[in-house]
Amino acid sequence: MIDYSKPTAQMLGRWQPFHDGHLALFKEILKKTGQVVIMVRSMPQTDNNPFVFEDIKKRIEEKLKDYVGKFEVIKVPNITNICYGRDVGYKIEEIVLPKEIQEISATKIRQSLKENL
């Protein structure tokens, strides 16, 4: 369990599935504050969103087993806009990873999973 009173970074996504690119992103984001909340968008189950929250959370926790206590996975509504007014005490920041990491595709991973069934 993370400490809710400490600065925390956020990752928001569908995580369909959580893959090595997401892991690399997590590691970089973790450096920002020392703990991360991973928000799983609540999505209708489709070919592009085949995994339900419980499966997603389990996969993330397995992938991040070396970081127990440094992250929390929570389900959130289908957030499509992140908006803010004036200086609100946080920033929205893009993390640029190496090209080979950026090119990892959850769509291709889902297609491969279907082919191997």
* Examine Ile79 and Val40 and state if one hydrophobic cluster contains both, with Ile, Leu, Val, Met, Phe, Trp and Tyr joined whenever side-chain heavy atoms are less than 4.5 Å apart. => no

* Interatomic distance, Glu28 atom CD to Leu25 atom CG [nearest 0.5 angstrom] -> 8.0 Å

* What distance do Ile82 atom CD1 and Tyr90 atom OH have between them, rounded to the nearest 0.5 Å? -> 8.0 Å

* Determine, using the 4.5 Å side-chain heavy-atom cutoff (strictly less than), whether Leu30 and Ile101 are members of one ILVMFWY cluster. => yes

* **Asp3, CG atom: more than 12 neighbouring heavy atoms under 6.0 Å** => yes

* **4.5 Å side-chain heavy-atom contact, Ile56 and Pro17** => no

* Got a sec: does the CG of Asp47 have more than 12 other heavy atoms crowding it under 6.0 Å? -> no

* To do: Flag yes if Phe26 and Leu97 sit in one hydrophobic cluster, no otherwise; membership is Ile, Leu, Val, Met, Phe, Trp, Tyr, and two members link when side-chain heavy atoms are under 4.5 Å apart.
  => yes

* Donor on one side chain, acceptor on other, Thr46 and Asn48, under 3.5 Å -> no

* Asked: Glu72 and Tyr4: which non-hydrogen atoms are nearest, and at how many Å?
  -> OE2-OH, 2.9 Å

* pair Ile104-Ile109: side-chain heavy atoms closer than 4.5 Å -> yes

* Taking only residues two or more places apart in sequence or in another chain, which ones pass side-chain hydrogen bond (donor to acceptor under 3.5 Å, both in side chains) with Gln102? -> none

* To do: Measure the CZ-CG distance between Arg41 and Asn78 for me, rounded to the nearest 0.5 Å.
  => 4.5 Å

* Asked: With sequence neighbours left out, which residue pairs that include part of residues 6-25 fulfil the side chain to side chain donor-acceptor pair (under 3.5 Å) condition?
  -> Thr8-Gln35, Arg14-Asn49, His19-His22, Asp20-Lys63

* Structure fact -> Scanning both residues in full, the closest heavy-atom pair of Pro7 with Thr33 reads O-CB, 3.4 Å

* salt bridge (Lys or Arg N to Asp or Glu O under 4.0 Å) assessment of Lys99 paired with Glu103 -> CA-CA 6 Å; Lys99 184 179 179 190; Glu103 291 178 347; 3.7 Å; yes

* May I ask you to test the Lys70-Ile2 pair for a side-chain heavy-atom distance under 4.5 Å? => no

* Structure fact -> Output for pair (Leu12 CG, Ile74 CD1), nearest 0.5 Å, gives 9.5 Å

* Heavy-atom pair of closest approach, residues Ile29 and Ala9 -> CG2-CB, 3.3 Å

* Structure fact -> Looking only at heavy atoms, the pair that brings Lys91 and Glu93 closest together is CE-OE1, 3.8 Å

* State the CG-CZ distance between Leu64 and Phe71, to the nearest 0.5 angstrom. => 4.5 Å

* Asked: Would you say Met1 and Val37 are hydrophobically clustered, going by side-chain heavy atoms of ILVMFWY under 4.5 Å?
  -> yes

* **In one Ile/Leu/Val/Met/Phe/Trp/Tyr side-chain cluster, 4.5 Å: Ile92, Val88** => yes

* **Distance, nearest 0.5 Å, that separates CG of Asp55 from CZ of Phe18** => 15.0 Å

* To do: May I ask you to test the Phe51-Gln45 pair for a side-chain heavy-atom distance under 4.5 Å?
  => no

* Asked: Taking NZ, NE, NH1 and NH2 as the nitrogens, is one of them in Glu54 or Lys57 under 4.0 Å from a carboxylate oxygen of the other?
  -> no

* Asked: Any salt bridge between Glu61 and Lys65, counting N to O under 4.0 Å?
  -> no

* To do: Run the numbers on Lys27 and Lys31 for side-chain contact (heavy atoms from CB on, under 4.5 Å), then give the verdict.
  => CA-CA 7 Å; Lys27 289 178 180 180; Lys31 293 176 186 176; 5.6 Å; no

